[in-house]
Amino acid sequence: MCFSTFQPLQQLSYFCVMNTDAVKLLPGRYCNSLTEYSRFVTREVFIGDVPMGGNNPIRIQSMTTTDTMDTLGTVEQSIRMADAGCEYVRITAPSIKEAQNLAEIKKQLRQRGYNVPLVADIHFTPNAAEVAARIVEKVRVNPGNYADKKKFDQIDYTDAQYKGELERIYQKFAPLVKICKEYGTAMRIGTNHGSLSDRIMSRYGDTPQGMVESAMEFMRMCETLNYYNLVISMKSSNPQVMVQAYRLLVETMVAEGMNYPLHLGVTEAGDGEDGRIKSAVGIGTLLEDGLGDTVRVSLTEDPEAEAPVAIALVNRYSSRQSQARSPESIMASQISDSGLKTQGLTHNPYVYQRRQTYEANAFIGGHMVPRVVIDLSHQNLKDPAVLNDAGYLYSPLLDKYNMAEQSVDFVYLADALPSFTLPGNLKQLYNYNTWQKLADKTNCHPVFSLKEYTASADRSSALNLVRIKSGDVDTNVFGMLPIDKSLVFILETDAQHGMADQRSFFFKMEELGLDVPVIIKRTYTFEPKNPTQDLQLHAATDLGALLVDGFGDGIWIDAPQIPVNVITSTAFGILQATRSRISKTEYISCPSCGRTLFDLMVTTQMIRSRTSHLKGLKIGIMGCIVNGPGEMADADYGYVGSGTDKVTLYRGKEAVKKNISSANALDELIGIIKEDGNWVEQEAVLPN
Ligand code: SF4
């Protein structure tokens, strides 16, 4: 490879060593608007026949899980993925031989009439990337491991040493860029939170800024070489980190005159309900702000199961009216939509900070975890077992309730009166007129309209809930609102862009200096096709997008078609995914790929079956030792494939049992958890 044609190294802009204080965090400058839907228009990038970015639709993609040397298996899985809606198919290329086999896979796909663009997934192996870039339509490189290493070493670089490292990386990376230019191949610079290099970690720490800088270094090198066919991603298994990193990336890109398309994804999201909710919290939050040009949902399920989830997430925006603006307008935009002022607002979209509220009589707000409200008014209120689905397990034999891990805090009964006694720690909410007539108001609280509350002299001394919409703040009635520490708002919306409508309410509260706790309520009706999944995705997007910014002291999902137990677990799942209330074990399991050394779906279920009661623990389940330990991010324990039938167990980032038999690995993992004092026995279920 000839380097002599490249510019002299000292002239290259990527050698500017960023000061860690250099990125100015200016609230509101990561998207066109915080209060109306406006898609961030990016540069159009060409990937085979399916361009991305610009005004193209948000593209759907996924990744194969087969061994790349299994040509037929990979071709057939790619076809299933394309048939399920994948517009790009990514295939791992761990070494040169797999990279070479991409040619055969591509040939067979084309022979079968599938022109879906292929993407080679590269970690650690520039030589494989250089082969693949001549074959497929796009290569993905991970800047954390393309030319850097990760040994969890903390290194104190001088600026000169850091610059020297960038020069070394440039020498390794530039040949790939040159090939991509020559062959018209696109490239994704895909940063993962879990695989930041020791160099980046040493300088920026394990932070969104480190993630952004990791990609920006490579992007600057590409631009120095006049190569612009780039897509960028900032993935993490923690949706909050992921959201902050993408936002900061956009602000940083725009500040440097870039607007590359964004590939959105939450890594190691897991499976089933957890995987869908976690993905929606991360991906949906960004889509709500008009960010994202392609989506990959990573589930520990068959890859053809991922596309329908991604499609369901993206479809919400296909008809949403975009208030189009030029990318440059971001620099000039303030969050002044609806009269909001940037100045004076403490909301910082790059750092989690819970909105400060008062504690309403030890029920809600303040430092208390967000509360969960569900509507039982249409259920059979003659049967105490109705509360089972709300997390209160009733034993007729003992005539008592046992609280499950996920027990709701408030039930809304409207005007319906139960014919049994509810558990003492479960608060009941009634419409104001009905509440007034209750003989015994213990644990019972009124729900008012705004007008009722301002007009009423008869209020609860403990807790009063008032239904409100964003626009109510501008009315005269709101101005007459008596505010004391019994008041809690129930924030509703009927706006199409409901999240932003509700977010604007929180900004208005801040402008007015009001610290009233707020329960965020959303009401849903769905097509009968897949209502449970739709609920998980929509509610996780709408409520999650507010919770990741610290907005909301409680959530209330109203979905009359959906069973109560599904609503309950969805609500707690959203709180878990936003890390605002932990009620169960968290599994950080990779989606598997051609490197995977065991059946991830079966193994995840096996581990879950024995550890799902360990509330608050995070367990990583990773298919390979190459990427797994890094990708587990902040897991407390790790179960990582390290060879055929071999597993290595981790305590945090430390490998504590290496290459043990997979037959004993789960018992050994439980042994480590017990040693650490983190094990509890599962509680026996109460007899019926
Ligand atoms: S951690 Fe999982 S998805 Fe990632 S490379 Fe390894 S096996 Fe593949």
Q) Going through the checks in order, is the side-chain contact (heavy atoms from CB on, under 4.5 Å) test met by T64 and S78? A) CA-CA 7 Å; T64 56; S78 300; 3.7 Å; yes
Under a plain distance cut-off of 3.5 Å, with no hydrogens placed, do [Y] and [X] share a side-chain donor-acceptor pair?
X: E165; Y: Q161; result: no
X: Y587; Y: T611; result: yes
X: T68; Y: T92; result: no
X: N142; Y: S195; result: yes

In a table with atom names and distances, give each donor-acceptor pair under 3.5 Å that connects a side chain of residues 664-672 to protein atoms at least two apart or in another chain.
| unit_1 | atom_1 | unit_2 | atom_2 | d |
| --- | --- | --- | --- | --- |
| D667 | OD1 | R610 | NH1 | 2.9 |
| D667 | OD1 | R610 | NH2 | 3.1 |
| E668 | OE1 | K657 | NZ | 2.7 |

Q) Given the rule in the side chain to side chain donor-acceptor pair (under 3.5 Å) test, do Q77 and T65 qualify, once you have shown the distances and angles that lead to the verdict? A) CA-CA 8 Å; Q77 191 176 63; T65 56; 2.9 Å; yes
Q: Report the C-alpha distance between D121 and H123 in whole Å, list the side-chain angles of each, state the deciding distance to 0.1 Å, and finish with yes or no for side-chain contact (heavy atoms from CB on, under 4.5 Å).
A: CA-CA 7 Å; D121 195 60; H123 295 273; 3.2 Å; yes
Taking side chain to side chain contact (heavy atoms under 4.5 Å, CB included) as the definition, give me every residue that meets it alongside [X], ordered by chain and number, with sequence neighbours left out.
X: V314; value: I58, I60, L287, V295
X: S580; value: P370, L547, L575, T578
X: A245; value: P208, M211, M234
X: Q605; value: D271, R608

Check whether [X] reaches the backbone of [Y] with its side chain - one donor and one acceptor, N or O, closer than 3.5 Å.
X: R110; Y: V116; result: yes
X: D302; Y: E304; result: no
X: H613; Y: V680; result: yes
X: N192; Y: E631; result: no
X: Q61; Y: R296; result: no
X: Q576; Y: S583; result: yes
X: T267; Y: S237; result: yes
X: S233; Y: K235; result: no
X: E301; Y: E306; result: no
X: T185; Y: A133; result: yes

Mind listing the closest non-hydrogen atom pair of [X] and [Y] along with its distance?
X: L176; Y: A129; result: CD1-O, 3.6 Å
X: N659; Y: K646; result: O-CD, 3.3 Å
X: A99; Y: I135; result: O-CD1, 3.3 Å
X: I588; Y: M622; result: O-CE, 3.0 Å
X: I232; Y: Y246; result: O-CE2, 4.3 Å
X: F218; Y: I189; result: CB-CD1, 3.7 Å

**Q.** With sequence neighbours excluded, residues passing salt bridge (Lys or Arg N to Asp or Glu O under 4.0 Å) with K106
**A.**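 In terms of salt bridge (Lys or Arg N to Asp or Glu O under 4.0 Å), with neighbours along the sequence ignored, K106 is linked to E137.
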Q) With D83, which residues qualify under salt bridge (Lys or Arg N to Asp or Glu O under 4.0 Å), at least two apart? A)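 Scan of D83 (salt bridge (Lys or Arg N to Asp or Glu O under 4.0 Å), adjacent residues dropped) gives none.
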Q: Please report the C-alpha distance between Q406 and S569 in whole Å, then the side-chain angles of each, then the deciding distance to 0.1 Å, and finally whether the side-chain contact (heavy atoms from CB on, under 4.5 Å) criterion is met.
A: CA-CA 7 Å; Q406 299 183 337; S569 71; 3.9 Å; yes
**Q.** Pairs where residues 575-587 contributes a residue and the test salt bridge (Lys or Arg N to Asp or Glu O under 4.0 Å) is met, not counting sequence neighbours
**A.**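 Salt bridge (Lys or Arg N to Asp or Glu O under 4.0 Å) check on residues 575-587 returns E273-K584, D274-K584, K278-E586, D409-R581, R579-E586, R579-D634.
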**Q.** Residue pairs passing the salt bridge (Lys or Arg N to Asp or Glu O under 4.0 Å) test where at least one lies in residues 58-72, sequence neighbours excluded
**A.**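 Every salt bridge (Lys or Arg N to Asp or Glu O under 4.0 Å) pair that includes a residue of residues 58-72, provided the two are not neighbours, is R59-E87.
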Q | Derivation and outcome, side-chain contact (heavy atoms from CB on, under 4.5 Å), residues R140 and H263 | A | CA-CA 11 Å; R140 176 272 169 116; H263 164 126; over 6 Å; no
Q. What residues, two or more places apart in sequence or in another chain, satisfy side chain to side chain donor-acceptor pair (under 3.5 Å) together with S662?
A.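 By the side chain to side chain donor-acceptor pair (under 3.5 Å) rule, S662 matches no residue at all.
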Q: Only counting residues at least two apart or in another chain, list the ones meeting ring pair (Phe, Tyr, Trp, His ring centres under 6.0 Å) with Y146.
A: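 For Y146, the residues satisfying ring pair (Phe, Tyr, Trp, His ring centres under 6.0 Å) (neighbours in sequence not counted) are F173.
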Q) Who passes ring pair (Phe, Tyr, Trp, His ring centres under 6.0 Å) against F598, sequence neighbours left out? A)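 Y639.
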Q: Validate the cation-pi geometry between R247 and Y350: distance from NZ or CZ to the six-membered ring centre under 6.0 Å, angle to the ring axis within 45°.
A: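 The answer is no; the distance or angle limit is not met.
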